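The block underneath contains the structure these notes are about, expressed in structure tokens.
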Protein chains: 2
Amino acid sequence: MARAGLNAERLVRAGAELADEAGFDQVTVSALARRFDVKVASLYSHVKSSQDLRTGIALLALEEMADRGDAALAGRAGKDALAALADVYRDYAREHPGRYAAARLPLDPATAAASAGGRHARMTRAVLRGYDLAEPESTHAVRLLGSVFHGYVDLELAGGFSHSAPDSQESWSRIIDALDALLRNWPAA
Amino acid sequence: MARAGLNAERLVRAGAELADEAGFDQVTVSALARRFDVKVASLYSHVKSSQDLRTGIALLALEEMADRGDAALAGRAGKDALAALADVYRDYAREHPGRYAAARLPLDPATAAASAGGRHARMTRAVLRGYDLAEPESTHAVRLLGSVFHGYVDLELAGGFSHSAPDSQESWSRIIDALDALLRNWPAA
DNA sequence: CCATTTGCCTAAAGCCTTTAGGTAGACGCA
DNA sequence: TGCGTCTACCTAAAGGCTTTAGGCAAATGG
């Protein structure tokens, strides 16, 4: 019999595509086996479990977003950097909704520590360097930015802003304007 | 044989409890049947499908949050109202993580229209009445507040802020301070 | 008190997950 | 080139969740 030439990485990559096409919750070992025209049990040589597969997709997504973030932040500062990083998340989620959903998967502490999660925190802190915030306020600001980015993208993806004026792009721009103004003018504790 | 006395409402309510205890993705018709010590198929007289059950829990959660929101907003305005509404979402999510997750379930348009979703939008608009924002800026602000509330709560629930100083409560307070300052000082378009 | 309704049951089919154990390509090495 | 080993993929099987079909008995009410 001809072999399909599977390995863990190809499976995770195919799982990511499947997630984008059909939704992250449709990512199953069975569906992936169908996609490679292979029996289900065969995949268990490459992947420990269904959960393991999903975790792999999550790690891939975190990595890809971090790579885009680094590229976007290079040579930028201040509002420019803020807008660039914000767009990285939003664009990624729109291009890869399934992967984005995967990135929200809770990871066990060890896996999380080995993930690109730390890079994301560092990127947000890098953006804040363009503003004048000392600890602990800068941590509060990191959390605010994370919340807005994630919250907006999540609501937009869920269709929250789709069928009413003004369009989502306009709100997004104005929200970035507002965040920039807020960071330049952070209220005293 | 004695009857268990099931009906759609009791099932949804028990499903909500199960969601809070075990996680929304553990809410299955089978688990619910076990909980009532009844055969699985019996539940299908009361619930159309597993999806239908989950939708019921989502609607319950949206309703409960809206009720809390109305109560919290009564007699408050300005920053007081902002903080009250924000706490409604955060407290609800902490008390009922499974229900909160349920509320994020995508609903088909007809169901969404019949849900308490509209009440939530109105509550946020009510908060904004305490600030001086005209359209379309107030819509942008509604979306910003929704994003922050949802984003923060979601990240906090996922454990994002748990193991590092400053503690989450402090960030939350300061973020509300910041949002209040921002709304009082919304940048010109 | 009997008829109808209806709440819960058994049976069964379909799909997903996961483990155990087998077979035959692929690969390294003499 | 031929042999042995490794390993990619397979069959088989067990267990769980979903959903439909059809049956019986408890509740309801005229």
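Proteins get letters first, then strands, A, B, ... in listed order; numbering begins at 1 in each. What you are looking at is a predicted structure, and each value in this text was computed from that prediction instead of being measured.
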Would you please name every residue forming a salt bridge (Lys or Arg N to Asp or Glu O under 4.0 Å) with A/Arg122, sequence neighbours left out?
none
Atom-pair distance (CG on A/Leu43; C1' on D/dC9), nearest Å
10 Å
Rounded to whole angstrom units, what separation is found between the NZ atom of B/Lys39 and the P atom of D/dT19?
19 Å
Round to the nearest Å and state the distance from B/Asp37 atom CG to C/dC8 atom C1'.
12 Å
Using OP1 and OP2 only, check whether a side-chain N or O of A/His46 sits under 4.0 Å from D/dC9.
yes
Show every side chain to side chain donor-acceptor pair (under 3.5 Å) that has at least one partner inside residues 69-81 of chain A, sequence neighbours left out.
A/Asp70-A/Arg119, A/Lys79-A/Asp177
A/Thr139 (side chain) donor-acceptor with A/Glu135 (main chain) under 3.5 angstrom:
no
With sequence neighbours left out, the residues meeting ring-ring contact (aromatic ring centres under 6.0 Å, His included) with B/Tyr152 are B/Phe161, B/Trp172
Check whether any side-chain N or O of B/Ser45 sits under 4.0 Å from OP1 or OP2 of C/dG7, and answer yes or no.
no
Go through the structure and list residues passing side chain to side chain contact (heavy atoms under 4.5 Å, CB included) with A/Ala178, not counting sequence neighbours.
B/Leu182, B/Trp186, B/Pro187
Short of 4.0 Å, heavy atom to strand atom, which residues of residues 97-107 of chain A count as contacting DNA chain D?
none
Check each residue of residues 18-25 of chain A for a non-hydrogen atom within less than 4.0 Å of any atom in DNA chain C, then write out the ones that pass by number, or none.
none
In whole angstrom, give the distance that lies between atom CG of B/Leu53 and atom P of D/dT18.
9 Å
Can any side-chain N or O of B/Asp20 pair as donor or acceptor with the backbone N or O of B/Arg99 at less than 3.5 Å?
yes
Output one letter per nucleotide in nucleotides 11-20 of chain C: B when a protein non-hydrogen atom lies under 4.0 Å from the base, S when only the sugar-phosphate is that close, - when neither is.
B----SBBB-
What pairs meet the side chain to side chain donor-acceptor pair (under 3.5 Å) rule with one or both residues in residues 42-54 of chain A, with sequence neighbours excluded?
A/Ser50-A/Arg54
Strictly by ring pair (Phe, Tyr, Trp, His ring centres under 6.0 Å), give each pair with a member in residues 50-80 of chain B just once, sequence neighbours left out.
none
Does A/Val88 sit in a hydrophobic cluster with other residues, and if so which ones, taking ILVMFWY side chains as linked at heavy-atom separations under 4.5 Å, directly or through other members?
none
Summary of ring pair (Phe, Tyr, Trp, His ring centres under 6.0 Å) pairs that have at least one residue in residues 107-139 of chain B, sequence neighbours excluded
B/Tyr89-B/His120
Who pairs with A/Ser171 by side chain to side chain donor-acceptor pair (under 3.5 Å), at least two apart in sequence or on another chain?
B/His140, B/Arg143
Nearest-Å distance, CZ (A/Phe36) to P (D/dC10)?
13 Å
Between D/dC9 atom C1' and A/Leu11 atom CG, what is the distance in whole Å?
12 Å
